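Each ligand, and each atom within it, is numbered from 1 in the order the structure gives. These values consider heavy atoms only, across backbone and side chains, with no hydrogens, waters or symmetry-generated copies. Here the structure is a predicted model, which means the values were calculated and not measured.
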Amino acid sequence: MNKKFLDLGYQPLANVYPKRYKLNQIKYKLKIQFNTNTKMVSISKRIPSKKMFNSSYPYRSSMSYTMKKSFKNLSNEIKKRFCPKILLEIGSNDGALIANFNKENVIGIEPCSNLAKITEKKGYLTYRKYWNYRLANELKNKHGEIDLIYSANTLTHISNLNDVFKAISLLLSRDGILIIEDPSLLECIKKISYDQFYNEHIYLFSVISVRNFIKKFNLEIFDLKNLETHGGSIRYYIKKINNKNIKVKNIVNKQILIERKFGLDKFVTFKKFAKKVELSKKKLLNILEKLKEKKMSVIGYGATAKAVTILNYCNINEDLIKNFVDTTPEKINRYMPGKNIKIIKYKKNSLIKKDYVFLGAWNFKREIFDKEKKFLKKGGKFITHIPSPKYFNKI
Ligand code: DWN
């Protein structure tokens, strides 16, 4: 049974950045629920994929050094540990991972044609299609079974999870490996990072829920890694249950125990989380309103999907955060969805004469602190809502 625990109000599509501010931009009710049987956390209203992932999807994985480095390290590990003949990536985006492999050894799946074009231009075979059972069948007929399937920050974006894993199970060879990584529910609850919820993020995985879910597709987790990326993610290493050549590592049960101890299998944990979210909103607004009274200049850094949830849930407008800076060409000179806050092109001197900078991309805090030493030296401060709203100038 699905039980709702958090109401984030009306939210626009997080990655549709309008050219002009529209008071009547379409918004959808965003409520978050917990399934008492499967222990899966998800959003209650689903938006059709085509509305969100199309030819103008602006998010590019290669825009951050941290992500490029993470994909490079993983590619080295995959080559050494699993030596796949073919690697298939579901949601290959602009190729941040596949760029580390030979063109003959990888297949990308990317329904956003503007992104698929980037990898195609570099000579990588890319299917401009949504991941589903029909596509898996087509691929099996063309390429045979695949020995390594990888997907980062994609499976949680697809509503029909049954179809997702049925398709994977069909295409993956008997001894094949599936690696997926997505934001961790545990880290989200610990950090009160309620901005991990937006219309694209249909699910927020825990080890408990993934393990429960994939069993029926003859799949099991045999290893995992806690990652710092995207505010705390988990990388799951998965195999077919009847592949007895690979042993399940202790870390899997250990992580499940940690999650249980934290209460990720209990509804009451999420009710408590919702209370903390309300408090977080009050505190953040209090900080921003006081800075406004003092006539301080405040801008946002990183026009993220996450920031869209915060701005719309807390009703933060241009009077509290003047602009956002971002490096993504597709976002520049557009507006933060649902708000009258313009996104401007990031330049080296963007933070000059600014007093406070709200970290929309708080998940890249280290990378940003490294880049903005001058701002900090001059007394500038960053604002974050993680884990509790505050301003700071040291990590
Ligand atoms: O799952 C998803 C995650 C992985 O990426 C998607 N549904 C959408 C997207 O979410 P996000 O927008 O919250 O992701 P990021 O990676 O936190 O976005 C970072 C943004 O900040 C980008 O627009 C690039 C920008 N940025 C910048 O302007 N300067 C980032 C860094 C590190 C910088 O120095």
Side-chain angles (χ1 to χ4, degrees), residues 11-17 30 43 47 49 51-54 56-71 89-94 96-97 110-112 115 151-159 180-184 187-188 191 193-205 227-235 299-312 323-334 336-337 343-348 350-351 357-373 375 382 384-386:
Q11 294 281 347
L13 293 182
N15 265 303
V16 179
Y17 295 81
L30 185 63
I43 62 172
I47 313 296
S49 298
K51 277 199 175 167
M52 297 188 284
F53 311 112
N54 44 43
S56 51
Y57 191 67
Y59 177 74
R60 305 225 330 232
S61 325
S62 299
M63 281 294 131
S64 107
Y65 168 74
T66 311
M67 286 318 292
K68 284 211 305 204
K69 199 170 127 202
S70 170
F71 287 132
E89 185 180 15
I90 306 170
S92 47
N93 198 273
D94 64 354
L97 176 101
E110 181 47 67
C112 303
L115 300 172
S151 189
N153 303 304
T154 301
L155 303 191
T156 47
H157 296 56
I158 311 176
S159 183
I180 59 175
E181 60 185 76
D182 286 280
S184 146
E187 288 305 310
C188 165
K191 294 188 171 116
S193 49
Y194 62 90
D195 49 342
Q196 291 287 10
F197 296 108
Y198 42 90
N199 288 302
E200 286 179 11
H201 276 185
I202 296 169
Y203 302 96
L204 208 55
F205 287 163
L227 308 172
E228 278 194 18
T229 52
H230 289 300
S233 298
I234 295 184
R235 183 176 288 153
I299 59 160
Y301 198 118
T304 58
K306 295 184 287 296
V308 175
T309 294
I310 298 171
L311 300 183
N312 286 280
N323 292 108
F324 266 73
V325 288
D326 201 285
T327 50
T328 315
E330 289 82 352
K331 296 183 183 177
I332 290 159
N333 288 330
R334 298 198 171 226
M336 289 302 284
I343 304 163
I344 49 178
K345 184 177 177 173
Y346 171 81
K347 294 195 186 117
K348 270 199 173 154
S350 284
L351 305 193
V357 173
F358 173 72
L359 273 177
W362 56 269
N363 43 316
F364 295 116
K365 190 170 67 181
R366 276 176 215 286
E367 186 174 334
I368 295 170
F369 264 64
D370 265 4
K371 238 190 273 181
E372 307 303 343
K373 284 189 188 119
F375 166 70
F382 283 99
T384 185
H385 66 296
I386 301 293

query = Are the side chain of K331 and the backbone N or O of A303 linked by a donor-acceptor pair below 3.5 Å?
reply =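 At least one qualifying donor-acceptor pair exists.
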request  = Answer yes or no: is there a donor N or O on one side and an acceptor on the other, between the side chain of S61 and the main chain of N93, under 3.5 Å?
outcome  =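 Not at all, since once roles are kept as given, no pair shorter than 3.5 Å links the two residues.
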Tell me whether [X] reaches ligand 1 (any heavy atom closer than 4.0 angstrom to a ligand atom).
| X | result |
| --- | --- |
| M67 | no |
| T156 | no |
| H157 | yes |

Looking at [atom1] of [X] and [atom2] of [Y], how far apart are the two atoms once the value is rounded to the nearest 0.5 Å?
| X | Y | atom1 | atom2 | value |
| --- | --- | --- | --- | --- |
| Q11 | N312 | CD | CG | 4.5 Å |
| F375 | L351 | CZ | CG | 5.5 Å |
| E200 | M52 | CD | CE | 6.0 Å |

query = What's the shortest heavy-atom distance between P183 and H201, and which atoms?
reply =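 Taking every non-hydrogen atom into account, CG-CE1, 4.3 Å.
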request  = Determine the minimum heavy-atom distance between N54 and K51, stating which atoms define it.
outcome  =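 That closest heavy-atom pairing would be ND2-O, 3.4 Å.
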task = Just say parallel, tilted or perpendicular for the rings of Y346 and Y301, cut-offs at 30° and 60°.
result =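 If you compare the ring of Y346 with that of Y301, the planes turn out tilted.
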Close-contact set for ligand 1 against [X] heavy atoms, below 4.0 Å:
| X | answer |
| --- | --- |
| Y57 | 6 (C), 7 (N), 8 (C) |
| H201 | 1 (O), 2 (C), 7 (N) |
| H230 | 4 (C), 16 (O) |
| E200 | 6 (C), 7 (N), 8 (C) |

Measure from [atom] to every heavy atom in [options] and give the option owning the shortest one.
| atom | options | answer |
| --- | --- | --- |
| atom 9 (C) of ligand 1 | W362, Y65, F53, Y59 | Y59 |
| atom 12 (O) of ligand 1 | A305, P183, S64 | A305 |
| atom 29 (N) of ligand 1 | F364, Y346, Y301 | Y301 |

ask   = Do D326 and ligand 1 have an N or O pair less than 3.5 Å apart?
value =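 There is such a contact, yes.
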inquiry  = Is there a polar contact, in the sense of an N or O pair closer than 3.5 Å, between K331 and ligand 1?
reply    =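 K331 vs ligand 1: N/O contact under 3.5 Å present.
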request  = Evaluate the side-chain contact (heavy atoms from CB on, under 4.5 Å) criterion for residues I343 and Y17: first the C-alpha distance (whole Å), next the side-chain angles of each, then the deciding distance (0.1 Å), finally the verdict.
outcome  = CA-CA 9 Å; I343 304 163; Y17 295 81; 3.3 Å; yes
inquiry  = Please work out, at 4.0 Å between heavy atoms, whether the side chain, the backbone, both, or neither of N15 comes within that distance of ligand 1.
reply    =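 Only the side chain of N15 comes within reach of ligand 1.
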